[in-house]
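Quick notes on the structure that follows.
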There are 2 protein chains.
Amino acid sequence: MAEKRTPARRPTMKDVARRAGVSESAVSFALNGRPGVSETTRARVQRVAEQLGWRPSTAARALSGEGAATVGFVLARPAHSLGVDSFFLQLVSGIQEVLAERHLGLLFQMAEDVADECAVYRRWWAEHRVDGVLVVDPRADDPRPGLLDELGLPAVVIGGAPDDRHPGLSTVWADDAAAMASVVDELTGLGHRRIVHIAGLPGLAHTQRRIRTLRAEAGRRGLGEVHSVTTDYSDAEGAAVTRRVLRASPSPTALIYDNDVMAVAGVAAAAELGYAVPDDVSVVSWEDSALCRMVKPWLSALSRDSTAFGRTAARELTALLDGGAARAVRVPVPRLTVRGSTAPARA
Amino acid sequence: MAEKRTPARRPTMKDVARRAGVSESAVSFALNGRPGVSETTRARVQRVAEQLGWRPSTAARALSGEGAATVGFVLARPAHSLGVDSFFLQLVSGIQEVLAERHLGLLFQMAEDVADECAVYRRWWAEHRVDGVLVVDPRADDPRPGLLDELGLPAVVIGGAPDDRHPGLSTVWADDAAAMASVVDELTGLGHRRIVHIAGLPGLAHTQRRIRTLRAEAGRRGLGEVHSVTTDYSDAEGAAVTRRVLRASPSPTALIYDNDVMAVAGVAAAAELGYAVPDDVSVVSWEDSALCRMVKPWLSALSRDSTAFGRTAARELTALLDGGAARAVRVPVPRLTVRGSTAPARA
DNA sequence: CGCTCACTCTAAAGCGCATTAGTGATCGGC
DNA sequence: GCCGATCACTAATGCGCTTTAGAGTGAGCG
């Protein structure tokens, strides 16, 4: 850490104390709203601190037991599969909004897989780096909640159904089942009976929830030829799977894609095979973004407010950090925005 | 920070010292590779530390002058304009790769604008939160380098041309001018003479560099009807500008878009106006991503390795943190990948 | 055999803050 | 007009680590 020139020195509480003519303790009381100083002194100290541009050293604060004023966020997805993902940036943007208000930092890290992610949590915990974490992409049989519970690290799971085995963790989630039901409603209403669901990563909890719901809904309606295929969310697999299922016989008349990227890639792949959307095959994207309005026809899609989702998650985490109890918060069910990619099934 | 149950306690150096039967100082020497302990003791201490799962508290480290082991990254763009951006995630992914190796954290924050971003730097500096920062989206007349210089905060500017007014900062950049020249070469080679450049945010340094270069190249070749229009990078503006310029008379025969999102939106807008790509108008995207292969025809695009870009930037920053001198590093010029969206100009 | 030097290790101080205990001064109550 | 209580403030301690000064030990040497 060589610092060649002598840069401006950071003012410390001692500087404020000297300048205000009081002890350091008085400064601490004054600036943290604690009793022990008169209001006039408090005001003076605050003024001096402001003049000097004083800000508490997070290191010192953390060391004296106040926590690191930072929350962690790990993304365990291969970078390439995040190519043109819109969800995470929106999510993080919402998270930021809430954290910034409270001057909480966001420590971000990418990981190889869940095991690696767990290692990151352990390290953060041992290094005293974060006060809590936001967990995304919950999985079936997920080791993370247990670990975080064990470490006593406050956490909010984003996008998972509530799990009563870990009462310490909060959950923020949308009801995928209801959303899937609404999509199936729409498609069967249009006369579709052969539906294929091009799902996302097989290990994710919400992927499995969607698959289960689809099967249940299909069963309830007596639809036989309905199934799901899992992918890695990439445009490449989206296109490949689309080609495969459309070549089957009889081919499906409707496709549900678990994200926008695959949906768009799928439409292109379908076109190559001579399938027109929506005349030959209807398409629904489980994620609405600019992408869905960049192809012809515009894609019918499940819309949700990812930024609000992030805000909610961050608020839950701050509540936990403030000593609140863990809870499960449900955000609005994504609503199907019908555009040009869905039409009545061919007779 | 209420912690209901008593979670596992973080082991400290004192624990290691006791367990290894030495003093805390000895532990410090042993674990930091400093002289002052015998090799046998060092090995024993290391073993004990490992057994206990000891990790240094970053707070304590930072407090005793070692720096925060964290670098900062601020993104000052409205979230909506980042809708389906692929560049930043790739960049961050590359940055992470390098930082993770050295156990450096990445503190991420979004800001409203550059002024807000400066405030974030000031706060980070005063709070002792970061050892250095990575600056993106350099602007013409940018206040950030000056501020960072003043604060003595090591920084790497990503994507800006070297600026000798701030010798303390490193720069990692690609030669936009050369890339632009290659695009103009390609297009004029195909017979295009009326070219419009749908540029990005007007304030950005590289936007201005590209605009200047285009004008210069056009002048050198005697092309009259060549100009640039700035946008906010969004698909909406990309489409709007495309409509506007194609309605002009005579309309351009080639369009250069400063990112993939606008290029794709532009192609769609052109199609609506009855312009076929590439027969009626050629299109080049200044950013290659899955998006460019999700439309028909596939888009000719300038490809670069954004992940490698991030890696290089992060490496420069770590070099700076290690006391290295600031330098300007040039990454490879983006290469034009010719696909289906460019064709000879109509006669 | 005493002396120095090199080596291994310990003691203690300090980083910036929060906090607890403690010290005067002021005040109300009798 | 004295006493205990209250208030405004200070001194001192600790958080976990790094670092400087210093102590103890044994080897090498004259």
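Below, chains carry the letters A, B, ... as their sequence lines are ordered, and counting in each starts from 1.
Annotation: side chain to side chain donor-acceptor pair (under 3.5 Å) contacts of Arg311(B) (sequence neighbours excluded): Glu97(B). Every residue meeting the salt bridge (charged side-chain N to carboxylate O under 4.0 Å, His left out) condition with Arg144(A), not counting sequence neighbours, appears here in chain and number order: Glu117(A), Asp142(A).
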Check the pair Leu147(B) / Arg122(B) against side-chain contact (heavy atoms from CB on, under 4.5 Å), numbers first and verdict last.
-> CA-CA 8 Å; Leu147(B) 172 65; Arg122(B) 279 188 188 284; 3.3 Å; yes

Please report the C-alpha distance between Val71(A) and Leu321(A) in whole Å, then the side-chain angles of each, then the deciding distance to 0.1 Å, and finally whether the side-chain contact (heavy atoms from CB on, under 4.5 Å) criterion is met.
-> CA-CA 10 Å; Val71(A) 311; Leu321(A) 297 181; 4.1 Å; yes

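The aromatic rings of Phe108(B) and Phe108(A) sit tilted, their planes meeting at an angle between 30° and 60°. Ring orientation note: the planes of Phe309(A) and Phe87(A) are tilted relative to one another, at an angle of 30° to 60°.
Listed by residue number, there are no residues of residues 42-53 of chain B with a heavy-atom contact under 4.0 Å to DNA chain C.
Here the CG atom belonging to Leu151(A) is positioned 9.0 Å from the SG atom belonging to Cys118(A), to the nearest 0.5 angstrom.
Residues Ser38(A) and Thr41(A) come closest through the heavy atom pair OG-OG1, 2.8 Å.
One can place NZ of Lys14(B) at 13 Å from P of dA11(C), the figure rounded to the nearest angstrom.
Two residues, Leu63(B) and Gly21(B), neighbour DNA chain C, and the one matched to the more 5' nucleotide by heavy-atom proximity is Gly21(B).
Within a 6.0 Å radius of CZ in Arg19(B), other residues, nucleotides and ligands contribute 12 heavy atoms or fewer. For Gln51(B), the CD atom counts as densely surrounded, since its 6.0 Å shell holds more than 12 non-hydrogen atoms of other residues, nucleotides or ligands. Enclosure of atom CZ in Arg327(B) is not indicated, since only 12 or fewer non-hydrogen atoms of other residues, nucleotides or ligands lie within 6.0 angstrom.
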A correct 5'-to-3' footprint of nucleotides 18-28 of chain C, with B, S and - meaning base, sugar-phosphate only and no protein heavy atom under 4.0 Å, is BBB--------

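For the pair Asp322(A) and Arg315(A), the salt-bridge criterion is not met [side-chain N within less than 4.0 Å of a carboxylate O]. Between Arg9(A) and Asp15(A) there is a salt bridge, with a side-chain nitrogen of the basic residue lying less than 4.0 Å from a carboxylate oxygen of the acidic one.
First and last contacting nucleotides of DNA chain D toward chain A (any atom under 4.0 angstrom from a heavy atom, 5' to 3' order): dA8(D) to dG16(D).
Axis angle between the ends of the helix from dC1(C)-dG30(D) to dG29(C)-dC2(D), five pairs each and rounded to 10 degrees, works out to 60°.
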